[in-house]
Asker: 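Please find one structure pasted underneath; my questions will follow.
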Amino acid sequence: MPTDTSERWVIEGKALEANLKELGYDVVHSNAKDVVEDQISQIQSMVDEGVEFLIVAAIDNKSLGQVLAAAKDKGVTVISYDRLILETPDVDYYASFDNYQVGVLQATHIIDRLGIRDNEGPFNLEIFSGDLGDNNSQYFFMGGLDTFESLLYSGKVVIPSGQTEQDPTSTAGWSGDVAKERMDTLIKEYYSDDRELHAVLSPYDGISRGIVAALVENDYEPGTAGFPVVTGQDAEAASVKAIKDGTGQTETVFKDTRQLAHTVTGMVQAIVEGGEPEVNDLGTYDNGFKFVPSLLLDPVDVTAENYVEVIVESEYLTEEQIDAGEA
Ligand code: BGC
């Protein structure tokens, strides 16, 4: 696993370990806590220990070529978990969510919530994207931008900062603090003259909370009409609380990570039993060497209207965890 600063990876690490142990596998589980070199040495020592499968959520998708070559030499099967590992022939399968669709859901939330299609506008938007080392970032970004494309072209949606590319909008380490600082700068540079900010496209809940914190510090009041629509991803407890209470972002994208852990466990089991793992996409995820056979699950849009049904009734979070803002 790549980090412990974002809730999902901690939950999934435990879920994967439990699922696999239940089926009788020995499991070595490490979290590299955002340090690329540690992830490489963790993988190397797993290979040295003689593991037969590697399930890897990379920190930096281009950093693992060498260590995976060593794994391949020993016949290890490599499953790229959630984030596609790039520039190596040594990835066998990819399991994730439809990452492009995540961006589509976020942008659609903004369009619907502001009634952009039925109003004159123009609407002012700013964009945040994820860490540049994470292959998923570009899919979230493209899904969002493609959804806004005709509105940007017609001038109904405007990006006053002019920052419309992935690079200047990126957020190193998916960090809320980094996002907070950039939002603060954007407000001071482009919104100090009473220009309204209508929406912020944010790719991930931790980033969204950083954006909201900067807005609040600059006297925007959550829950009022002047507060921009802010999106998110991962249904982290603190963000679902804000959605429920109307105190920040109004949307998140839920990816049922229990399902992903279950899917990957199934892939391992299928191979062990001499079969082929189930995949549903052979032509989207090109890692620079090949299209990696992929199994993609569906992300779900979450707002105040459906969080009970999607998050609570599926037992992903309890109302108590949401109210506490902590899973
Ligand atoms: C994942 C997202 C997550 C982000 C930050 C991405 O690779 O797909 O679910 O929000 O990393 O951890």
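Start at 1 and go down the list; that is how both ligands and their atoms are numbered. What you see is a predicted model, and the numbers here were worked out from it, not measured in a lab.
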Asker: Taking atom CZ of Arg113 as the centre, report whether more than 12 heavy atoms of other residues, nucleotides or ligands fall under 6.0 Å from it.
Answerer: no
Asker: Can you name the atoms of ligand 1, numbered from 1 with element, that are less than 4.0 Å from a heavy atom of Tyr204?
Answerer: 10 (O)
Asker: With distance as the sole criterion, is a donor-acceptor pair present between the side chains of Gln321 and Tyr316 under 3.5 Å?
Answerer: no
Asker: When you compare the side chains of Ser129 and Gln166, does any donor N or O come within less than 3.5 Å of an acceptor on the partner?
Answerer: no
Asker: For Lys33, does the NZ atom have more than 12 heavy-atom neighbours from other residues, nucleotides or ligands under 6.0 Å away?
Answerer: no
Asker: Report the nearest protein non-hydrogen atom to atom 12 (O) of ligand 1: residue, atom name, distance rounded to 0.1 Å.
Answerer: Trp9 NE1, 3.0 Å
Asker: With a 4.0 Å heavy-atom cut-off (strictly under), which part of Asp205 contacts ligand 1: side chain, backbone, both or neither?
Answerer: neither
Asker: Is Phe97 near ligand 1, meaning one of its heavy atoms is under 4.0 Å from it?
Answerer: no
Asker: Tell me whether the count of non-hydrogen atoms from other residues, nucleotides or ligands lying under 6.0 Å of CG in Asp193 goes above 12.
Answerer: yes
Asker: Taking only heavy atoms of Arg83 into account, list the atoms of ligand 1 that are under 4.0 Å away from them.
Answerer: 4 (C), 5 (C), 6 (C), 7 (O), 11 (O), 12 (O)
Asker: Is the closest side-chain heavy-atom distance between Arg117 and Asp112 below 4.5 Å?
Answerer: no
Asker: Checking ring pair (Phe, Tyr, Trp, His ring centres under 6.0 Å) for the pair Tyr139/Tyr100: CA distance, chi angles, key distance, verdict?
Answerer: CA-CA 5 Å; Tyr139 287 94; Tyr100 181 88; 7.6 Å; no
Asker: Please could you name the atoms of ligand 1 that Lys255 approaches to less than 4.0 Å, counting only its heavy atoms?
Answerer: 1 (C), 2 (C), 8 (O), 9 (O)
Asker: Any donor-acceptor pair under 3.5 Å linking the side-chain atoms of Arg8 with those of Gln233?
Answerer: no
Asker: Around atom 3 (C) of ligand 1, find the nearest protein heavy atom and jot down its residue, atom name and distance.
Answerer: Asp234 OD2, 3.3 Å
Asker: Using a strict cut-off of 4.0 Å, indicate which atoms of ligand 1 neighbour a heavy atom of Asn136.
Answerer: 1 (C), 6 (C), 7 (O), 8 (O)
Asker: Just to be sure I'm reading this right: ignoring hydrogens, which of Thr3, Thr5, Asp134, Asn99 gets closest to atom 7 (O) of ligand 1? Compare them by their nearest heavy atoms.
Answerer: Asp134
Asker: Side chain or backbone of Phe140 under 4.0 Å from ligand 1, or both, or neither, by non-hydrogen atoms?
Answerer: side chain
Asker: What protein heavy atom sits nearest atom 8 (O) of ligand 1, and how far off is it?
Answerer: Asp82 OD2, 2.6 Å
Asker: Distance under 4.0 Å to a non-hydrogen atom of Arg8: what atoms of ligand 1 satisfy this?
Answerer: 1 (C), 2 (C), 8 (O), 9 (O)
